[in-house]
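Below is one structure, written out as structure tokens; comments come after it.
Proteins come first, then strands; the chains are lettered A, B, ... in the order of their sequence lines, and each starts at number 1.
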Amino acid sequence: MPNLFEKELQKKSIFKDRDAISQHYSPKELPFREKQIGEITKILSPSIKGKKPDNLFLYGKVGTGKTTVTGHVIKELEEFAEKNHAKVSCNYVNCRNHNSKYKVLIKATKKFFPEENFIGYSAGFIQEKIMEFCRKENQIILVLDEIDKVKDLDELIYSLSRSNDEIEKGSISIIGISNNLMFKEKLDPRTKSSLCEKEMVFPPYNAEELRAILKARVELAFVPDSVSDSAVNLASAIAAQESGDARTAVMLLMRAGEIAENSNSKKVTDVEVQKAKKKVEEDIIFNMISTLPEQQQLVLKAIAVLSMSTKGIKKITGQEEQGVLYSGEIYEKYKQLALSLKESIVSSRWYRQYINELEMYGLILTSASGPGIKGQTKLIKLGFSPEKINSILDGQLGK
DNA sequence: TGTCCACTGGAAGGGAGGGCTT
DNA sequence: AAGCCCTCCCTTCCAGTGGACA
């Protein structure tokens with residue numbers, strides 16, 4: 001009897017290199033981003049000569065290559081600087097994990113003084129440490145990814161730019177990256193003008209571009225001839241239509257590959273991509289629901305239960321519609337459910353807040369009541385099938 | 001036209017918990 | 001270690017809204 005693992009590893013896989021199609025893989029080639037790479041390179045090049053590059057602000061939707069492109073240019077810059085004995089030091093901070101001025105400074109300092117631990121020291125002290133590093137003629141490039149997550153960004157930018165004014169040698173430049181297009185407008189005007197000395201937009205990829213990107217990835221990740229052309233076309237068309245997001249496109253293909261593999265099929269075709277699309281969507285809904293607070297899950301449950309009952313049938317402007325509910329009756333049902341589960345009950349005001357959030361997540365659709373309905377209320381409808389949502393919730397609320 | 005109804009969503013504030021600061 | 005402050009989650013209060021009904 002062969003060993004279990006031996007058997008498993010001997011299975012023929014349609015994946016050649018699974019990593020190449022995972023979310024974390026950063027490709028060596030970055031097609032359709034030559035222009036952006038060129039511009040960033042140009043903006044950062046003064047650092048080699050010991051001059052301060054302009055601050056740079058990059059924005060564009062998720063999966064348009066902002067982080068990958070920046071990472072690529074920075075790697076090249078560091079390599080070149082080292083070869084030419086230029087004192088350039090690049091530092092990447094993801095602000096999702098380091099979401100305050102203090103945390104960003106701590107993370108940034110760690111790279112320059114890897115031996116020391118600054119947690120507990122005041123922000124001023126830490127900043128002084130960074131300046132000390134700059135004074136040794138160092139040019140620092142600080143990449144702040146997901147910069148919109150920093151709570152006191154105005155202060156961070158302000159104090160960094162002031163440090164720049166105070167030191168005579170060396171400098172700190174900031175590359176801010178954000179996928180929130182509205183974010184820039186909300187900044188303090190001074191922060192804005194300081195951060196956005198140079199700006200660059202990463203446009204979404206179109207279907208053609210996505211197809212080329214996917215094709216290249218398929219060659220790296222899959223065994224030859226295991227993915228049909230039309231599967232690639234379909235995946236890129238879906239992604240282009242939904243977001244122009246390369247990450248979604250890649251994920252779609254990876255899931256399709258897994259589906260093909262699990263069903264012992266030797267080839268990824270349209271069918272697998274369609275299935276993958278459905279699966280990805282379900283995963284998203286599942287994740288969204290399972291991270292909701294319990295009370296909010298109960299509100300959703302109330303909507304699902306009512307949608308399935310005859311209460312969900314309403315006559316609005318003469319027409320019968322299935323699954324449309326009034327805000328008031330949902331609140332009543334929610335209270336009932338909470339009571340039966342011995343849960344506490346949130347106020348009606350907070351319930352409305354929950355409803356608004358559920359709409360933002362796309363789990364429900366709402367509209368204002370019009371003629372034919374007494375009073376002023378919200379009409380609420382589930383965004384997905386009540387049976388499906390109900391079954392997910394049963395798994396969650398049982399816990 | 002006025003009153004009632006069934007809500008909506010802003011504002012202010014409480015309190016628990018967590019993290020920065022001293 | 002202790003204090004302080006901030007954030008998050010939530011409540012209370014309330015003015016406002018658009019339709020029904022007399």
Check: C:dG16 C1' sits how many Å from A:R352 CZ, rounded?
Finding: 12 Å
Notebook entry, point to check: With respect to the side chain of A:Y102, which nucleotide from C:dC10, B:dG9, B:dC20 is positioned closest?
Noted result: B:dC20
Next item on the list: Using whole Å, report how far CD of A:Q353 lies from P of B:dG10.
Entry: 9 Å
Check: Base, sugar-phosphate, or nothing for A:K103, non-hydrogen atoms under 4.0 angstrom?
Finding: sugar-phosphate
Next item on the list: Identify which nucleotide among B:dT8, C:dC10, C:dT12 has an atom closest to any side-chain atom of A:S347, counting heavy atoms from C-beta outward.
Entry: C:dT12
Item checked: Length of the line joining A:I126:CD1 and B:dG19:C1', which is rounded to integer Å -> 14 Å
Notebook entry, point to check: Just to confirm, is there a sub-4.0 Å distance from OP1 or OP2 of B:dG9 to any side-chain nitrogen or oxygen of A:K378?
Noted result: yes
Next item on the list: For A:L379 and B:dC7, give me the distance from atom CG to atom C1', rounded to whole Å.
Entry: 12 Å
Notebook entry, point to check: Please give, in whole Å, the distance from B:dC7 C1' to A:E332 CD?
Noted result: 13 Å
Next item on the list: Search all heavy atoms of A:M131 against all heavy atoms of A:E166 and return the closest pair with its distance.
Entry: CE-OE1, 3.6 Å
Notebook entry, point to check: Considering only side-chain heavy atoms of A:R349, which listed nucleotide, B:dA11, C:dG18, C:dC10, is closest?
Noted result: B:dA11
Next item on the list: Quick one: label A:Y351 by what it contacts on the DNA or RNA (base, sugar-phosphate, nothing), any heavy atom closer than 4.0 Å.
Entry: nothing
Check: Within 45 degrees of the axis of the six-membered ring of A:Y59 and under 6.0 Å from its centre: does A:K66 put its NZ or CZ there?
Finding: no
Notebook entry, point to check: Side chain of A:Q376: nearest nucleotide among C:dT17, C:dC10, B:dT21?
Noted result: C:dT17
Notebook entry, point to check: Does the gap between the ring centers of A:F15 and A:F222 come in under 6.0 Å?
Noted result: yes
Note to self: Nearest whole Å is fine: how far is C:dC9 P from A:E357 CD?
What the structure shows: 8 Å
Check: Nearest-Å distance, OH (A:Y326) to P (B:dC5)?
Finding: 17 Å
Notebook entry, point to check: Any side-chain N or O of A:S348 less than 4.0 Å from the OP1 or OP2 oxygen of B:dC7?
Noted result: no
Notebook entry, point to check: Does A:R217 make a cation-pi contact with A:Y25 (under 6.0 Å, within 45 degrees of the axis)?
Noted result: no
Check: When we call it a touch if two heavy atoms are under 4.0 Å apart, what does A:I345 touch: a base, just sugar-phosphate, or nothing?
Finding: sugar-phosphate
Margin query: Can you measure A:W350 atom CH2 to B:dA11 atom P for me and round it to whole angstrom units?
Written below: 15 Å
Next item on the list: Sequence neighbours left out, what passes salt bridge (Lys or Arg N to Asp or Glu O under 4.0 Å) with A:R211? Give chain and number order.
Entry: A:E208
